[in-house]
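Here the structure is laid out as structure tokens; the discussion comes afterwards.
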Amino acid sequence: MCIAVAIFLLSLTYTCNVFSLQPSGQELFLFRHALVFLLHVVNLRLGSKAADARLTQYLGLCIYFKERTELSLHRWYVSLLKDFVESEFFVIDGDSLILMLLNEEVQYLTLFYRIECFLQDFTQRGARYIVVFFKDAEQMYFRYPHFLFLRTALIEHLKHNTRTTVHTEFSNCLSPAWEVFLKKSYPYFIIVSDIGLTSLQTNYLTIFIAHSLSKKITIVLASGQECDTLRVYGYHLQSMAKHRLFFQKVSFTTSFWFSNNFFLVLVLLISRNTAVCRTIPLLKQLWPEGSDIRRVVCVLACAVGLKIYSDMLTNAHGRSKPPSPEAAADLCRMQCLTVVFLLHMPLSQRAQIRVMKSCWTKQVLPIMKMQQLCVHFVLKELSDKNDWKLDLTYLPDLNDESLLKNLAHYYQIEYTKGIFSSLTKYKEFDELRHWHSGRPLTEEYERVHCNADAKSKDPYERKQIQKLQTFYRFYGSTLQEGTSKFVVCQKNAPGSANNPVKKKKMQVSICKLLFPKEMKEQEQWKTLQISTEKEIKANLTVGINKLEKFLKNLKSKSVKFSVELSGLSACLEVWKEHCKKQGMITKYLSKAVQLMRRIHILLEKYQDLLEKSHLQKLTQCLRLLGFENLACSLLLALGNTSRYAIEVGPVRFQLQYMDYYLLREERNDPDPRVENFIPDTWQRELLDAVDNNESAVIVAPTSSGKTYASYYCMEKVLKTSDDGVVVYVAPTKALVNQVVGTVYSRFTKTLPDGLVVCGVFTRDYRNDVMNSQILVTVPQCLEILMLSPRCQKWVKRIQYVIFDEVHCLGGEIGAEVWEHLLVTIRCPFLALSATISNPEHLTEWLQSVKRYWQRAENMIEENSTNFEKNSTRKLKVKSKVKEPKKTYRVRLVLYGERYNDLEKYVCSSTGGDFLFEHYHPCAALTVNHIENYGIPADLSLSPKESVQLYDTMVEVWKEWPRAQELDPEEFVSFKNKVVIKKMDVRKYEQELKKELSKWIELGQRQKVTVVRGEKWMQFACFVEKLHEMDKLPAIIFMKIFYRLRFERKGYLQQMLARRGIGYHHGSMSIKQRQAVEMLFRLGYIKVVTATSTLALGINMPCKSVVFADDSVYLDALSYRQMSGRAGRRGHDMIGNVFFYDIPLPKIERLIKSNVPQLKGQFPLTITLILRLMLLAAKADDKADASAKALSVLKHSLMTFKNERHAEILKIYFMFSLQFLIKEGYLDQEGNPVGFAGLVTHLHYHEPSNFVLVSFLVKGLFHKLCQPIKGSNDFSDDVLEKLVLILANLFGQKYLPARSMTLRHKFYQSKVFLEDLPEDFADAVNEYNTKVAENFAHFLLTTAKLADKEQEYRLPLSKTDFTTKKWHGSELASYLMDNTKRISAISPFACLSGMVDDDLFHAENVNKVMLRSLGINVKNCPMLHLKKYDNQGRRLPLNAYALDFYKHGSLTALTTDNWYGLPALVKLHSSVVFHMVHDVSLSELCDDPNDNVLLAFQKLGENYDKKLAAV
């Protein structure tokens, strides 16, 4: 009885809401209690005890809502799509997608357009995603019929008109089916909204978020997302232990939330579905299959709606008088007329329809809502039955509210009664005359802290130089073996380096010394031979290791041959003895492996020394092993079956058991250019490129030896002269230090006083930048030198530039700087990388740049010659740098073979022990992945894995036609081959992969399952297990332990190091990280836990790499870089990769993903253009400077083979010039004036650099910085306001909008940054207005370059709304507003009333601009004082800089602001230190007692003290 009453009250209340009838207070009271009652009891039919338990769970959930606020600030704003986007499958919650873009004022088709734009931003970047709509979530929209039918239409549209995978089979986020899906697919992240239409939906979404986090899946908030040319950015929330603990304590059933909401519309649902079912057959008789969905839905909804409305009026007894049936029928007629227009009127005409501001009356709204509900049920019925094949193309265009209002306006008012219802002049303040804006600043590189400089005469500094060089030599000695090479400059040598007489004498002296050395080595072996053979027989592994160690130190080939023969005899005896002991029991084949290894080495490396007796012995060994066919291939003699034979064929034995011991393809002929090792063919090609002064792009695996060419290039320049320069560009400071150490360890050279071999330049420190022959730097610092007018003489000394890890050209941060460098350098270059999938495209682009420089240099030389001819007075200056032969070729060198194979293992715990299961790389491949992306080129198999793949293929398909042909024993490259090499196995592997690709049609796949569980408590045992298995040293990549994030002192590091353990992360000082690196390379530390700081190029080779924790930062690029550390060439025959606590689907995606393609980004900023103008105006060599500027403007990677983008950049350049001239940074001739120097000095901080200058010009800082009366000191209030201003301008870090509404207790920090003071805010708004106006004019100009056909299609579904057969009509002409200007915005945006003038409002730009232009509002240098998410909620700024200034506590900064030491590093390099420590302000100011200057100096001192304290 109670249930029936509750259902009635819910239905009554809902009906009242739908038809705008106001229920009484008593009804609302009963409604609330009935809702609680229903949620816990109705559908479950439980007794009171069970209901109490369910209520307890609900209360627990509410408590969690309160506790969740602790995590709300722990959200990071990162790039959502990494370089390997195809490997990272993610989920988008469909309802969150609607909520994110929902707006009452947005028209139906416009909303679909925005949704498709959002999805297309992911799709065009190669992302893999699915969209999920939960069934129960639908019932939250019944109070909002407009959104309900939109949701239903969106589901059908995505299913039928796009390639997007849509899931609607899951009930809710707590259903078992959803949990199975998560476990099986393990998405990279889930995009979810943190706010709903109602509090109930918001709470549900919060449970969805918490539940996903409990499954170790990262959440990305739907709000606050932004995108640029290559990336999409958003807030992500990482899974934490408390999420898992909560869902372990409280369990929920799947029907808990929404099953009872079905009763809310039970009566209406039955009546409407009955009406729909009766009406559909009638329409099917009238209209054939293929009819437009818009016409069918309109007629059905109107027919059903009128019938239900009529029934409602019959039973209605309310006080208000609803519209008559005739009025409702008129409204339906207008809706039908609207659809007629939609069917025939092109979008270009609809975009011109006038904007109606009128709203529907209260009497009409209930009818409209009812009609929208009818549309929803009609779509559901058509979808469920699916027996009427309709044209669903135009599902996004079911309704046009603006058009309907226009028609209503015409018929109800006008048809019956008539009318219905300029440049800102630059001004410098008089009171600031002592500020010289035009005074040239010192070079930016000179402001960086100088550790030491060889030109210094100060004894203390000279001592510091010696200490620094000593440290670098020691650091470098841990990176490579051997002593430093003394380089002699050829021009200073006593004779020519290529003198043939000297070379002949040297050869004679070597020959004289060779034989005595050989005799000495022979005597050494005689002494050790007997003991070594005994040791081999006693313990094969120890004995062989001792033998190979002795072989490494030998030089004589004949002595090595003797040693190998002795080793062969000893191994043979060991095998015989082993077989006698084992008898018929299975033999331990590792002993046979060592015997076969000796046979391989003798046949391959000492073939010229083998005599007949030796061949007979080798034949005997092969026959004893049972390899009769191989024995016959050496000597034609048959023998009997050996009792020592192994039970495996010779090919299988070599592939499966010798595996990584198989010999590599190595050349035997030495290269005179290289000492200590024999380079491979591809390495010789690199040396040839350097010898010919050519440029080269080198793509080769990690640890393959590609960097050797870099040091050969350095040596060549050092030998050529004392003035030539090589610049080595590394992406990180850690890699810079490593290269510097290697240079000091490799090279020594006597140079004139004041010159050194190696210099360093980073943003934090520098030494010997201009007086070194090898400069090691980061890209941003080299760009400073390349674009500095006063450094161009030094730039001309550069003879080679080496770009290490050049795939950073496609990175998130600083990619455009790499591009600028590649197009501005005139000398040859080497570009090195291990991970580029389109090297041909990159090389072709770089070759086009070199062709440009060939033409430019010819023109410069020609102009220079003409000038000399016409000059009456010639002045010839001889360059000190020897001019190398010019060449403009760019070579592409590809090498895909890694020296050591990588074996992958998945770890699982069994009781108290660990199980390591081998993970075959092909297990990661799926049919869909091979179809869409193919088998990755760098997915290589070890010989053993190739055999496993073959065996599996034979097992899966018993009748496989090529089974015999690809049998290892029958394969053409293996048959009767005694020595099978790695390259032979690679051919076999490629054949198997090709065959596997052909199997796609059969759907064959390999299934691997691994039991997962929580294992952190056993982590120490895991490391101990690695030690027992002899898998150390190892690097363990993981999120660093929580305590270590606060670790600033060295005592913990020292304590762990004594136990052979180290850690390595970004919060450590450089010296601490270097200490860990050196101790690890020297073998004192065996285990290092690290973050991504060791991923990029750091030389720390190890035996094993462990991935010990999942993270959003662990993508396939990081995986490739990190796993590349495993397998030390010269130490380990194979590398080991272990996955510990990583979900299996994630492992699969990491292994099978392809390497990224390099794509261009929007390369220009206004500050960059000002820097180019400054270079062109101030450089001594105007022609050279102009050529560099034009190269940057004309040769962007984005515009390569894309003329339309090239035109856009030209117009953007004109827009930038206009802005710079209007703001007073350039004069009419393009010469830099005003504060151009200060703006370019702060080029990292656009647009804050322009805003800062506006503050200086307006005198706002002088107004603020008033000292305490009678002193030169400043109050805390003044300094804190100064920090507040700078924090609003620089280092902005936004927090999610929801964080401002949370009831969270902050202990020391304020967390949310206050707004700027009013006068400063007014100045920013004035600046923004100017910029927005200029940018809008830029967009209006570029609109003509848009692809108009593309603009009239929906971006994802490509649904076409271009001009159709439309002859117009008198009514249509009446609806038009010919004064609307809509030439520069999307026609879809026009439907919602947008016009060209909306481009002048920055918040609208991304919503209305033409997508085919490829321009983003981020290209507009505006400083947003207030930033809002998609729901209109403000995103607060993190006050970490101001909070730290107030309390100086690293702990408070981490716990309250969720910013640790990296934030302090950023703070240290912020504008305060640029302007105070780098003396920019003091150079611009004549008065040393200027208040602004003193205030900044005081602020800098205070920050120094606080930073030193932590």
Side-chain angles (χ1 to χ4, degrees), residues 541-542 545 590 659-660 702-703 900-921 942 944-945 1010-1041 1044 1053 1055-1065 1076-1077 1079-1092 1094-1095 1098 1100-1111 1114 1118-1119 1121-1144 1146-1147 1150-1151:
T541 303
V542 174
N545 288 340
S590 67
D659 194 16
Y660 47 82
T702 308
S703 303
N900 296 322
D901 288 321
L902 293 177
E903 295 271 356
K904 288 91 176 173
Y905 298 90
V906 177
C907 312
S908 58
S909 59
T910 55
D913 199 5
F914 282 90
L915 177 65
F916 297 97
E917 299 180 70
H918 175 257
Y919 189 89
H920 196 289
S942 67
K944 179 170 63 177
E945 289 169 342
V1010 179
V1011 178
R1012 290 166 49 213
E1014 291 289 342
K1015 300 182 279 287
W1016 278 112
M1017 298 303 293
Q1018 303 173 358
F1019 186 71
C1021 301
F1022 170 76
V1023 176
E1024 181 63 28
K1025 186 73 174 180
L1026 290 180
H1027 177 61
E1028 292 174 6
M1029 296 168 62
D1030 193 28
K1031 298 297 184 183
L1032 299 181
I1035 299 176
I1036 302 171
F1037 289 103
M1038 59 191 295
K1039 290 182 291 187
I1040 213 72
F1041 293 116
L1044 297 183
Q1053 188 180 24
M1055 181 182 69
L1056 292 172
R1058 292 191 182 99
R1059 290 164 173 77
I1061 300 170
Y1063 57 87
H1064 196 286
H1065 60 90
V1076 172
E1077 293 165 19
L1079 290 172
F1080 186 82
R1081 285 192 289 263
L1082 292 170
Y1084 296 109
I1085 288 180
K1086 296 293 185 182
V1087 177
V1088 169
T1089 60
T1091 57
S1092 57
L1094 284 183
I1098 298 299
M1100 282 184 64
C1102 56
K1103 188 176 287 188
S1104 303
V1105 163
V1106 181
F1107 294 94
D1109 196 13
D1110 190 16
S1111 166
L1114 177 58
S1118 300
Y1119 163 73
Q1121 294 287 348
M1122 294 171 179
S1123 61
R1125 309 296 124 213
R1128 302 165 298 176
R1129 186 168 183 172
H1131 295 83
D1132 308 309
M1133 297 301 294
I1134 195 166
N1136 304 284
V1137 177
F1138 295 91
F1139 296 100
Y1140 178 91
D1141 201 29
I1142 307 290
L1144 188 62
K1146 180 66 174 275
I1147 297 173
L1150 291 175
I1151 292 175

State, with a plain yes or no, whether a side-chain heavy atom of [X] is found less than 4.5 Å away from one of [Y].
{"X": "Ser942", "Y": "Tyr660", "answer": "no"}
{"X": "Phe1139", "Y": "Leu1144", "answer": "no"}
{"X": "Leu1026", "Y": "Val1106", "answer": "yes"}
{"X": "Tyr919", "Y": "Ile1151", "answer": "yes"}
{"X": "Ile1036", "Y": "Phe1138", "answer": "no"}
{"X": "Asp659", "Y": "Glu903", "answer": "yes"}
{"X": "Val906", "Y": "Ile1147", "answer": "yes"}
{"X": "Val1137", "Y": "Met1122", "answer": "no"}

Could you give the distance from [atom1] ([X]) to [atom2] ([Y]), rounded to the nearest 0.5 Å?
{"X": "Ile1085", "Y": "Glu1077", "atom1": "CD1", "atom2": "CD", "result": "10.5 Å"}
{"X": "Glu945", "Y": "His920", "atom1": "CD", "atom2": "NE2", "result": "5.0 Å"}
{"X": "Phe1080", "Y": "Met1100", "atom1": "CZ", "atom2": "CE", "result": "4.5 Å"}
{"X": "Thr1089", "Y": "Ile1061", "atom1": "OG1", "atom2": "CD1", "result": "8.5 Å"}
{"X": "Phe1107", "Y": "Ile1035", "atom1": "CZ", "atom2": "CD1", "result": "10.0 Å"}

By side-chain hydrogen bond (donor to acceptor under 3.5 Å, both in side chains) - contacts of Lys1031 (at least two apart): Asn1136
Just jot down the side-chain hydrogen bond (donor to acceptor under 3.5 Å, both in side chains) partners of Asp901, sequence neighbours excluded, or say none. Lys982, Arg986
Please name the pair of heavy atoms, one in [X] and one in [Y], separated by the smallest distance, quoted to 0.1 Å.
{"X": "Pro1033", "Y": "Cys1102", "answer": "O-CB, 3.5 Å"}
{"X": "Tyr1140", "Y": "Cys907", "answer": "CD1-CB, 4.3 Å"}
{"X": "Tyr1119", "Y": "Lys904", "answer": "OH-CE, 3.3 Å"}

His1064 side chain to Val1076 main-chain N or O, any donor-acceptor pair under 3.5 Å? no
Please confirm whether the backbone N or O of Asp1030 pairs with a side-chain atom of Lys1103, one donor and one acceptor, at under 3.5 Å?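 The answer is yes, because a donor-acceptor pair under 3.5 Å joins these two groups.
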